[in-house]
Amino acid sequence: MAAPCSRMANRPLWRFITNVRRTGLKHTGVRQISLSSACRAATQTRSKTEGVPSPWKLYGAVCLQRLPVISQERNPIEDQFAELMHQMELERSLLSDHEQRLLEDSERMTRKQADNYDSDEEEADYGGQETITAQDQEDTWEQKLKHFQPALRDRDVGGTPLGSVERCLGDSLVLLVQQTVGKETIWLLPQAQWEAGETLRQTAERGLSSLPGQLCGEADFKATFLGNTPCGVYRYTFPKEVRTERCVGAKVFFFKAFLSAGSASQKEPFLWVKKTELQRYLKPPYLEKVDRFILNL
Amino acid sequence: MSIAVSRALCRVLSRQTAVPTNVSSLMGVDGHVSQGPWFASVLTLKTSAPLRAEPKKKKKVDPRREQMVRERLKKKLKKLERVPPELIPIEDFTTPAKYMDETRVRGAPQLPFEESERRALLLKEWSRYKQTQHRAEMEAVGLAVEAQREALEELRLESEELYQAALRPDPLLFPFNHQGPSYTPPKAQYEAPEGKYNNITKVYTQ
């Protein structure tokens with residue numbers, strides 16, 4: 001039992017100790033990992049010289065989305081349909097209390113204005129009180145509504161800058177930053193290189209918190225990460241000059257997060273873009289992978 | 001009466017045994033020694049006044065009676081408890097009486113032919129629009145799921161440990177709260193007016 005156990009334990013062990021990643025071998029022994037925990041203690045002191053380091057560098061990136069604040073504008077067909085539904089509902093409904101009151105009041109008015117109006121009879125019924133008609137109430141309510149000024153729906157008329165979170169309030173926006181990767185400075189989702197001893201989600205959180213604005217303390221993003229699982233991956237190989245035996249390329253794992261609270265100032269090179277505007281800033285192969293998990297629903 | 005009986009007994013006994021004498025100084029009229037009612041002779045029954053008092057007889061019966069009463073009450077309670085509790089009525093399922101009133105009926109409108117045609121066509125267009133929307137949504141969700149599956153595959157190729165860490169559920173995620181979109185954006189520094197309301201919901205207890 002010890003021999004096969006130790007052999008099975010080998011693969012995860014040196015990975016754990018020497019912080020080494022596997023190459024693209026088919027992992028038939030992977031399923032027995034659960035047994036290895038018992039054997040780990042026994043084989044802790046195994047040699048560290050084993051194993052080939054994986055040629056891929058790992059990065060954790062965060063796809064931070066600001067969810068829509070207001071409802072979207074309606075299409076013409078949606079508009080028509082909404083009107084139709086409203087009309088049909090009105091036709092099929094019964095009279096409400098308020099409407100009945102209105103009817104009664106109007107009847108009373110017509111009776112008052114008739115020639116054979118007997119005020120004593122009327123007052124006997126209603127106790128001689130000065131009743132407020134439903135129409136008067138409606139008028140007072142309308143007056144109150146006019147006093148209230150709601151915030152404007154479309155603030156983009158002035159052309160808010162792309163870096164502001166308050167852009168298109170009806171759509172969900174994604175955060176883009178400019179980072180230097182290799183020799184170029186490109187727009188991409190904030191990412192950080194993976195370090196030993198942390199999960200990829202922690203890498204992504206670090207990538208978010210270590211943005212230039214965050215470090216200065218000016219921009220403060222409070223994000224809720226949606227679980228530990230990455231939502232997408234982008235794999236690319238380095239250009240031939242940089243490529244060595246050890247690192248052939250890099251894999252970027254994306255994690256989704258929602259912005260819960262954030263106050264961004266305009267100075268940092270941030271961009272909040274809609275899904276349709278992504279293609280202006282991201283490179284085509286990168287965009288292809290990223291576009292899939294950014295939902296515009 | 002018991003005194004008379006004891007005295008009669010004494011007389012009988014003393015006549016049979018006693019010598020006929022003229023000594024009467026110590027003796028009473030009856031002819032036997034009796035120094036008052038409190039000092040009965042040895043031969044009489046021991047019936048002193050404290051023993052003759054009535055109320056002490058109820059000591060044993062009282063606790064029994066009280067216990068019986070308590071048991072009866074408990075049995076009654078158990079019977080009551082066995083009855084299943086009354087069901088709380090669902091107020092949504094009963095149409096309130098005031099909606100059955102005929103005066104509330106709105107006049108049924110007479111729609112012209114064009115209007116009804118327009119409505120039918122609009123409904124059909126709407127169903128087509130919604131179908132395309134639904135298909136697009138399903139496709140988008142499918143792509144996202146596929147992207148996640150690929151990511152997990154790549155991660156597994158890289159490192160088993162990271163893969164296992166990724167599969168673990170996040171306990172801090174729920175309960176997740178988010179304010180949904182409203183018609184107008186929220187106003188900064190807006191003070192909502194204070195209002196009073198009377199809560200008239202019926203609360204049922206079982």
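A note on names: the letters A, B, ... follow the listed sequences, proteins ahead of strands, and every chain is numbered from 1. Predicted, not measured: the structure shown is a model, and the values here were computed from it.
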Which heavy-atom pair separates A:F81 from B:L123 by the least distance, and what is that distance? CE1-CD2, 3.5 Å
Identify which part of A:Q80 has an atom lying under 4.5 Å from any heavy atom of chain B, answering side chain, backbone, both or neither. both
Which pair of heavy atoms, one from B:A165 and one from A:T199, lies closest together, and at what distance? CB-CG2, 3.6 Å
Carefully, step by step, assess A:R235 and B:E154 under the rule salt bridge (charged side-chain N to carboxylate O under 4.0 Å, His left out). CA-CA 9 Å; A:R235 190 174 73 171; B:E154 294 275 340; 3.5 Å; yes
Quick check for you: to the nearest 0.5 Å, what is the distance between A:L169 atom CG and B:S182 atom OG? 9.5 Å
When rounded to the nearest 0.5 angstrom, what distance separates OH in B:Y99 from OG in A:S93? 11.5 Å
Any non-hydrogen side-chain atom of B:V105 less than 4.5 Å from a side-chain atom of A:L95? no
Before you tell me yes or no, could you show the steps for A:V233 and B:L155 under side chain to side chain contact (heavy atoms under 4.5 Å, CB included), namely the whole-Å CA-CA distance, both residues' side-chain angles and the distance that decides it to 0.1 Å? CA-CA 9 Å; A:V233 68; B:L155 186 58; over 6 Å; no
Is any side-chain heavy atom of B:D170 closer than 4.5 Å to one of A:F225? no
I'd like to know if B:E158 and A:K57 make a salt bridge, using a cut-off of under 4.0 Å between side-chain N and carboxylate O. no
Would you say that more than 12 heavy atoms from the other residues, nucleotides or ligands in this model lie under 6.0 Å from the OH of B:Y190, or not? yes
Do A:E91 and B:R106 sit within salt-bridge range, that is, some charged N less than 4.0 Å from a carboxylate O? no
Output the distance between atom OG (A:S260) and atom CG (B:N177), rounded to the nearest 0.5 Å. 11.5 Å
How many angstroms lie between CD in A:E78 and NZ in B:K130, if you round to the nearest 0.5 Å? 6.5 Å
Where does A:L200 contact chain B at under 4.5 Å (heavy atoms): side chain, backbone, both or neither? both
Check whether any side-chain heavy atom of A:T224 sits under 4.5 Å from a side-chain heavy atom of B:F176, and report yes or no. yes
Give the minimum heavy-atom separation between A:R153 and B:Y183, together with the two atoms involved. NH1-O, 2.7 Å
Under 4.5 Å from any heavy atom of chain A - which part of B:R149: neither
Can you tell me if A:K251 uses its side chain to pair, donor with acceptor, with the backbone of B:A151 under 3.5 Å? no
For residues A:L152 and B:P185, report the shortest heavy-atom separation together with the two atoms involved. O-CG, 3.1 Å
Bottom line for A:L226: the part with an atom under 4.5 Å from chain B's heavy atoms is both
Is B:Q179 in contact with chain A via its backbone, its side chain, both, or neither, using a 4.5 Å heavy-atom distance? neither
Counting heavy-atom pairs closer than 4.5 Å to chain A, which one of B:P169, B:G142, B:A144, B:A166 comes out on top? B:A166
Would you mind reporting whether B:L143 and A:F293 have side-chain heavy atoms less than 4.5 Å apart? no
B:Y204 atom OH, neighbour heavy-atom count above 12 within 6.0 Å: yes
How many angstroms lie between atom CG of B:L162 and atom CD of A:E198, to the nearest 0.5 angstrom? 9.5 Å
Testing the basics here: between B:R168 and A:N228, what is the closest heavy-atom pair and its distance to 0.1 Å? O-ND2, 2.9 Å
Heavy-atom nearest pair, B:K187 first then A:A151, reads CG-CB, 3.9 Å
Determine whether B:W126 and A:I77 satisfy the following criterion, side chain to side chain contact (heavy atoms under 4.5 Å, CB included), listing intermediate values before the conclusion. CA-CA 7 Å; B:W126 176 253; A:I77 180 167; 4.2 Å; yes
Checking B:Y197 now: which residues fulfil ring-ring contact (aromatic ring centres under 6.0 Å, His included) with it, not counting sequence neighbours? none
For A:F148, which atoms come within 4.5 Å of any heavy atom of chain B: side chain, backbone, both, or neither? side chain
Within the distance-only criterion (no hydrogens, no angle test), does the side chain of A:R292 pair as donor or acceptor with the backbone N or O of B:E146 below 3.5 angstrom? no
Below 4.5 Å from any heavy atom of chain B, which atoms of A:D291 appear? Answer side chain, backbone, both or neither. neither
Would you check if B:H178 and A:F258 make a side-chain contact, meaning some heavy-atom pair closer than 4.5 Å? no
Nearest-0.5 Å distance that lies between atom OG1 in B:T184 and atom CD1 in A:I70: 8.5 Å
Heavy-atom side-chain proximity of A:V69 to B:P181 below 4.5 angstrom: no
Verify the neighbour count for atom CD of B:E71: are there more than 12 heavy atoms of other residues, nucleotides or ligands below 6.0 Å? yes
Tell me, side chain or backbone of A:L84 under 4.5 Å from chain B's heavy atoms, or both, or neither? side chain
